*Asks:* 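Have a look at this one.
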Amino acid sequence: MGGPGGLGKGPNAQAPEKTKMDKKTAKGVFLRLCGYVMKYWYLFIPAILMTLFSNQLSLLGPKYSGIAIDAIANPMGVQFDIVSENIIKMILCYGLSAILSYLLASLMVFIGQKIVFTMRKQLFEKLTTLPVNYFDTHPTGDIISRISYDIDTINSSLSHDLVQIMTSIYTVFGSLIFMWNISKPLIIVFAVTVPVSILFAKYQTKRIRPLFSLRSRKLGELNGYAEEMLTGCRSIQAYEREDVISGRFNERNKDSMDAYYNADYYGCTMGPVMGFINNLSISLVMMLGGIFYLYSQNGTVAAGSMFFITLGGVAQFVQYSRRFAGPINEFANILHELQSSFSAAERVFKVLDEEPEKEDSPDAVVLADTKGEVELSRVDFGYVPEKTILNDISLTAKPGKTIAIVGPTGAGKTTIINLLMRFYDVTDGSVKVDGIDIREITRDSLRGAYTMVLQDTWLFGGTIYENIAYGREGATLDEVKEAAKAARIHNYIESLPDGYDTVITDDGVNISKGQKQLITIARAMIANSHMLILDEATSNVDSRTEIKIQEAMAKLMEGKTSFVIAHRLSTIQNADCILVIQDGKITESGNHNELMKKGGFYSTLYNSQFS
């Protein structure tokens, strides 16, 4: 109830994604991907030109080989000069085509990388604009899966499949023109086999598209679960739940692998079936071409007739028919990859299309010269409309005063903090700072007026100096040291071999939890905001470290309006006002002595901790 899962953590129930992509959606995804490609048109146009020249040269090869074959099969004798001349032309065409193909592939890889960079940049920047509610309802692992796996899948399609598509289209039409000029009757074979191939490909595409959408979703769920379990590995080992967690992981792993198997199993049927149809068509071409050639040789078919064909002509037609059929077969495999790519792109675009955090109202004011008076007036709130978390909450925090909030787990304590920071807006009532409704204040200035020290400390990979200076841009080393001294962590930092240049790795695993907490307090010191939010900042540390943290917090809180959430009541005995929250309502309020005299929930809780 109180900020589901902690500060900024709402109900972690991800809405199910649809697994079937309709034609309209697929078309929209395709057009958006084209938009990314055309952003680099100055690179894509040369790629198209390379495709045209490379394929044109490749298509000229069979022509020259066919002329050479006819020169060899000449009844009057082998014409060596014609043979050698056309063989050289054929080799040059294939050689230049190979060079252009290499350059084209390299260019498309470069274009793909630039697109991926742009897409990842847009996706990450989008994530920074989304409301806290989005992260409350989407597992971190699934979000990471979209940034990494899904975009890598798109990159593979753009780098390779796009080249294949361009090459295939030109090859198919180019081969058809050459075959038309060689023998029109032989093309009848493809008039039967090509429609069969197209109908089968259309049927399979419709069948496997939802399977690839499901595959991407299941992988996201697997990543989300893995990330959650790895984060809590210490607790898992402490409670000896490794087997249970492994079993649950295996269930999700099996679901993911089943989704992979089904998508790939049904997808891979396209290649063999298309290959069978194309091989059948080429065999028919060879047999029919052989019959025409025999009739042409014995004079049954006169030269100039549409049925007349030479041996070189048959050889040319067979080569062009392979080139014509090959791309159709490859196109089936490309469709297989495109389904995966489109599903991945749809997941990425869903994030890009998410509604960002609501913009500030046009007449929103910037909170400046903050006094620190905070008032909640008859506040009602629920994370979902059908369930109210807070009911009729009213409180006033005068400038420089400390308000402590206590209560059982799930009572709504952290939810109040979410509302103060405007991670969520109240359902009813109002929250005011210095007499101004926070909905009429710019979010940046409102959140900048607060400094937060949370139970779950967050340190990033970097030096201790960088982590403390994160609280205020441009902070000098001397200022950082002063903040560290006030936070009672300076001496420890100085004792390290590299002092303030010591690199913190893996979210601070190379230092103790208490030291991490003191560093975050030093970060809050240097921010020097007018209002503070302290959420269980002394939990899970030893008594000696707790005293140091309490001393640092007392220094930090001097002259600031402070909101303190604490289960350890020893940390809040000196608070100006203590609020007891139960079932989303304020049931008791007053200072420590007043609440002890009342003999209510607070005194019971206090006595249970200190008796």
Side-chain angles (χ1 to χ4, degrees), residues 30-31 33-38 40-67 89-112 115 156-184 186-187 189-191 193-198 201-202 205 270-271 274-275 277-279 281-282 285 313 315-338 341:
F30 173 73
L31 291 176
L33 287 175
C34 287
Y36 280 95
V37 173
M38 293 313 298
Y40 300 98
W41 60 269
Y42 53 89
L43 295 174
F44 190 61
I45 289 177
I48 294 176
L49 294 176
M50 283 190 216
T51 302
L52 297 177
F53 286 125
S54 174
N55 283 278
Q56 184 60 37
L57 289 169
S58 179
L59 289 172
L60 288 174
K63 176 182 177 181
Y64 294 127
S65 67
I67 295 173
K89 289 181 179 179
M90 179 186 69
I91 293 173
L92 285 173
C93 285
Y94 286 146
L96 290 173
S97 176
I99 293 172
L100 286 173
S101 295
Y102 168 75
L103 294 175
L104 172 63
S106 300
L107 180 58
M108 290 306 299
V109 169
F110 181 69
I111 293 174
I115 291 172
S156 176
S157 182
L158 293 175
S159 300
H160 305 292
D161 296 341
L162 196 57
V163 175
Q164 287 290 84
I165 291 172
M166 292 191 298
T167 300
S168 297
I169 291 173
Y170 191 89
T171 299
V172 166
F173 285 101
S175 299
L176 187 61
I177 292 171
F178 276 100
M179 288 190 296
W180 179 265
N181 292 330
I182 295 169
S183 176
K184 296 176 181 60
L186 287 179
I187 295 180
V189 173
F190 296 104
T193 57
V194 170
V196 173
S197 299
I198 293 173
K202 185 176 180 180
T205 300
M270 292 186 70
M274 298 291 280
I277 296 172
N278 292 329
N279 287 331
S281 65
I282 291 172
V285 164
Q316 287 181 37
F317 198 96
V318 170
Q319 290 183 70
Y320 284 124
S321 64
R322 282 190 173 278
R323 292 182 178 278
F324 176 81
I328 296 177
N329 189 27
E330 291 174 2
F331 192 66
N333 294 325
I334 292 172
L335 282 177
H336 176 208
E337 296 299 324
L338 285 177
S341 178

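This is a predicted model, so every value here is computed, not measured. Worth knowing before you read on, the calculation uses all heavy atoms, side chains too, and leaves out hydrogens, waters and symmetry mates.
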*Asks:* Could you tell me whether the side chain of Ser106 reaches within less than 4.5 Å of the side chain of Phe110, counting heavy atoms only?
*Replies:* no

*Asks:* Hey, could you give me the CG/CD1 distance between Leu176 and Ile187, rounded to the nearest 0.5 Å?
*Replies:* 5.5 Å

*Asks:* Can you name the nearest heavy-atom pair linking Lys63 to Gln316, along with the distance?
*Replies:* O-NE2, 3.5 Å

*Asks:* Could you grab the distance from atom CG of Leu59 to atom OH of Tyr170, nearest 0.5 Å is fine?
*Replies:* 6.5 Å

*Asks:* Would you please say whether a donor-acceptor pair under 3.5 Å links the side chains of Arg322 and Ser175?
*Replies:* no

*Asks:* At what distance, to the nearest 0.5 angstrom, does CG of Leu103 lie from CG of Leu107?
*Replies:* 8.5 Å

*Asks:* Give a yes or no answer on whether the side chain of Ser58 reaches the backbone of Asn55 with a donor-acceptor pair at less than 3.5 Å.
*Replies:* no

*Asks:* Looking at CZ of Phe317 and CD1 of Ile182, how far apart are the two atoms once the value is rounded to the nearest 0.5 Å?
*Replies:* 7.0 Å

*Asks:* Please report, to 0.1 Å, the donor-acceptor pairs under 3.5 Å made by any side chain of residues 43-54, with sequence neighbours excluded.
*Replies:*
from  : atom 1 : to     : atom 2 : distance (Å)
Thr51 : OG1    : Ala47  : O      : 2.8
Ser54 : OG     : Ser97  : O      : 3.1
Ser54 : OG     : Ser97  : OG     : 3.3
Ser54 : OG     : Ser101 : OG     : 2.9

*Asks:* To check you understand the geometry: which heavy-atom pair defines the closest contact between Leu186 and Val285, and what is its length?
*Replies:* CD2-O, 4.0 Å

*Asks:* Side chain of Thr171, backbone of Ser168: donor and acceptor closer than 3.5 Å?
*Replies:* no

*Asks:* Looking at CG of Leu57 and CG of Leu92, how far apart are the two atoms once the value is rounded to the nearest 0.5 Å?
*Replies:* 9.5 Å

*Asks:* Do Tyr64 and Cys93 make a side-chain contact, defined as non-hydrogen atoms from C-beta onward lying under 4.5 Å apart?
*Replies:* yes

*Asks:* Which heavy atom in Tyr94 sits nearest to a heavy atom in Gln319, and how many Å separate them?
*Replies:* OH-OE1, 3.9 Å

*Asks:* Locate the shortest heavy-atom distance separating Met179 from Tyr320; write the atom from each residue and the value.
*Replies:* CG-CB, 3.5 Å

